[in-house]
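For reference, the structure is listed below as structure tokens.
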Amino acid sequence: MMKLALGPVLYYWPRDTMMAFYESVAASSVDIVYLGETVCSRRHELRLPDWLSLAAMLADAGKEVVLSTQALLESGSDLANLRKLTSNGRFAIEANDIGAVHCLDGTLPFVAGPHLNLYNEDSVALMAQLGARRWVMPLEMGRAALATMQQSRPAGLETEVFAYGRMPLAFSARCFTARHRNLGKDDCQFSCMAHPDGLELRTRDADTFLILNGTQIQSHLVYNLLGEMTVLASMGVDVLRISPQAQHTDAVVALFDRARHGQIDTVQAQAVLAPLMPAAACDGYWHGKPGMAFDKREAA
């Protein structure tokens with residue numbers, strides 16, 4: 001049976017909110033929990049000792065815990081923090097930058113994260129040789145390409161697919177949320193905290209388009225592969241990742257859990273999921289179409 005993973009929180013939530021959130025995660029049906037700041041090093045509500053404390057609590061609750069690294073390193077302090085994280089000595093690492101892979105140097109097992117852009121068999125094989133025990137499919141990769149990758153997957157290497165959530169599409173050295181307020185990045189006043197699910201970016205025609213999340217750009221639509229669960233299982237996918245949102249994450253996790261156990265069919269599950277989502281669904285990349293498309297056959 002496929003495992004469920006909860007990805008790292010991509011937004012800047014207050015400390016008390018984060019602590020309460022992970023207390024609820026400990027009692028949830030997820031098998032794997034990713035912890036850590038992957039977006040911006042200026043987000044300091046939780047620091048490494050806090051992440052390690054949460055990791056220990058979740059491990060005691062029976063969860064597999066993975067510490068996620070930043071996707072974009074910009075300074076010497078970022079590198080120093082990376083070295084501390086990768087030398088924690090206990091918990092596996094999700095490497096979202098090739099520098100994290102080099103820092104590990106075989107000392108801990110790691111997950112090759114979605115931002116390493118592993119688009120061919122040779123790159124995945126290299127990660128396995130360097131100590132990866134799981135790789136996460138890039139978000140833009142589709143079903144056909146994944147099927148090809150699965151045929152030559154190294155023995156013992158698990159495959160994880162981002163199955164639910166707003167897609168993290170790009171990173172920048174600039175802070176888009178601060179710029180929205182005419183603030184400099186170094187004087188951002190932690191503007192992200194006012195937007196627990198990110199800040200909507202609209203076109204000149206007032207159509208919703210993207211989400212600004214500090215230095216990260218996300219899709220406005222919510223990537224949703226719940227209707228593809230049977231296909232994913234048949235392809236040998238080991239783990240489905242759910243990306244946290246400010247509300248209803250527990251209900252989303254519970255729904256995916258019911259679906260993987262066959263307690264609800266995918267058509268009914270999609271109908272239950274719809275009001276829990278912060279925006280409409282998309283799955284275009286999975287079908288080899290523009291990312292904003294959505295195949296409604298499973299949701300009809």
Side-chain angles (χ1 to χ4, degrees), residues 7-14 17-18 21 37-43 45 70-72 74 96 114-115 117 138-142 162-227 241-249 251-252 270-300:
V9 173
L10 301 179
Y11 309 103
Y12 196 27
W13 297 346
T17 300
M18 290 287 277
F21 175 76
E37 179 55 53
T38 63
V39 177
C40 179
S41 60
R42 287 181 57 78
R43 297 176 175 181
E45 288 288 289
Q70 257 183 257
L72 179 62
E74 300 182 65
N96 286 307
H115 306 301
N117 297 322
L139 280 77
E140 297 92 341
M141 184 178 285
F162 187 103
Y164 177 85
R166 280 177 161 149
M167 293 181 286
L169 298 174
F171 295 84
S172 172
R174 295 180 179 232
C175 178
F176 302 106
T177 309
R179 186 69 183 88
H180 174 74
R181 296 183 58 194
N182 292 318
L183 297 172
K185 182 179 180 181
D186 293 336
D187 183 33
C188 67
Q189 299 178 21
F190 306 106
S191 302
C192 292
M193 199 171 286
H195 307 284
D197 272 323
L199 174 64
E200 285 188 349
L201 176 66
R202 294 178 177 268
T203 67
R204 290 184 180 274
D205 296 326
D207 295 326
T208 53
F209 180 41
L210 297 170
I211 292 292
L212 306 181
N213 180 35
T215 60
Q216 183 185 72
I217 294 292
Q218 298 179 328
S219 64
H220 179 269
L221 298 177
V222 180
Y223 197 59
N224 174 15
L225 295 184
L226 178 59
R241 178 179 296 205
I242 296 169
S243 188
Q245 57 193 40
Q247 295 182 320
H248 309 307
T249 298
V252 173
Q270 292 280 40
V272 175
L273 180 62
L276 304 176
M277 299 166 60
C282 67
D283 63 2
Y285 287 140
W286 178 250
H287 297 286
K289 300 177 181 178
M292 298 173 68
F294 183 55
D295 188 334
K296 296 182 175 59
R297 286 177 299 172
E298 292 290 347

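Quick caveat: nothing in here was measured; it's all calculated off a predicted structure.
If you look at His195 and Tyr12, their ring centroids are not closer than 6.0 Å.
A cation-pi arrangement, defined by a distance under 6.0 Å to the six-membered ring centre and an angle within 45 degrees of its axis, is present between Arg42 and Phe190.
A search for side-chain hydrogen bond (donor to acceptor under 3.5 Å, both in side chains) contacts involving Asp187 returns nothing, not counting sequence neighbours. Evaluation of the side-chain hydrogen bond (donor to acceptor under 3.5 Å, both in side chains) rule for Tyr11 yields Gln218 as partners, not counting sequence neighbours. Every residue two or more places apart in sequence or in another chain was checked for a ring pair (Phe, Tyr, Trp, His ring centres under 6.0 Å) with Phe176, and none qualifies. Considering only residues two or more places apart in sequence or on other chains, Phe21 meets the ring pair (Phe, Tyr, Trp, His ring centres under 6.0 Å) condition with Trp13. Partners of Glu37 according to the side-chain hydrogen bond (donor to acceptor under 3.5 Å, both in side chains) rule, which considers only residues two or more places apart in sequence or in another chain, do not exist here.
Side-chain atoms of His180 and Ser191, non-hydrogen and from C-beta on, never get closer than 4.5 Å to each other. Side-chain atoms of Val222 and Cys282, non-hydrogen and from C-beta on, never get closer than 4.5 Å to each other. Under the 4.5 Å side-chain criterion, counting only non-hydrogen atoms from C-beta, Phe162 is in contact with Pro168. Gln189 is listed as a side-chain neighbour of Arg181, based on a closest heavy-atom distance under 4.5 Å. Side-chain contact between Leu273 and Tyr164 is present, with at least one heavy-atom pair separated by less than 4.5 Å. Residues Glu74 and Ser41 are not in side-chain contact: their nearest non-hydrogen atoms beyond the backbone lie 4.5 Å or more apart.
When atom types are taken as modelled, the side chain of Lys185 and the backbone of Ala178 share no donor-acceptor pair closer than 3.5 angstrom. A donor-acceptor contact shorter than 3.5 Å is absent between the side chain of Arg43 and the backbone of Thr38. At least one donor-acceptor pair under 3.5 Å links the side chain of Asp197 to the backbone N or O of Ala246. For the pair Thr177 (side chain) and Gly214 (backbone), a donor-acceptor distance under 3.5 Å is present.
The two atoms that bring Ala281 and Leu221 nearest to each other are O-CD1, 4.3 Å, heavy atoms only. The minimum heavy-atom distance linking Thr215 with Cys40 is given by the pair OG1-CB, 4.4 Å. Residues Pro8 and Arg241 come closest through the heavy atom pair CD-NH1, 3.7 Å. Nearest heavy-atom pair across Pro275 and Ala271 is CD-O, 3.4 Å.
Side-chain contact of Gln270 with Asn224: a donor-acceptor pair under 3.5 Å is present, judged by distance alone.
The only option from Val9, Leu10, Val252 that meets the side chain to side chain contact (heavy atoms under 4.5 Å, CB included) definition with Gln245 turns out to be Val252.
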Given His248 and Met277, is the side-chain contact (heavy atoms from CB on, under 4.5 Å) satisfied, shown in steps?
CA-CA 8 Å; His248 309 307; Met277 299 166 60; over 6 Å; no
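Of the inter-residue distances, the one linking His220 atom NE2 with Ile211 atom CD1 reads 4.5 Å to the nearest 0.5 angstrom. Considering OH of Tyr223 and OH of Tyr285, their distance stands at 9.0 Å, rounded to 0.5 Å. One finds the OG atom of Ser172 at 7.5 Å from the CG atom of Leu72 (value rounded to the nearest 0.5 Å). To the nearest 0.5 angstrom, Gln216 atom CD is 11.5 Å from Leu210 atom CG. From Arg166, atom CZ reaches atom CD1 of Ile217 across 12.5 Å, with rounding to the nearest 0.5 Å. Atom NE2 of His115 is separated from atom CD of Gln70 by 11.0 Å, given to the nearest 0.5 angstrom.
Under the salt bridge (Lys or Arg N to Asp or Glu O under 4.0 Å) criterion, the residue pairs touching residues 199-208 are Glu200-Arg202, with sequence neighbours excluded.
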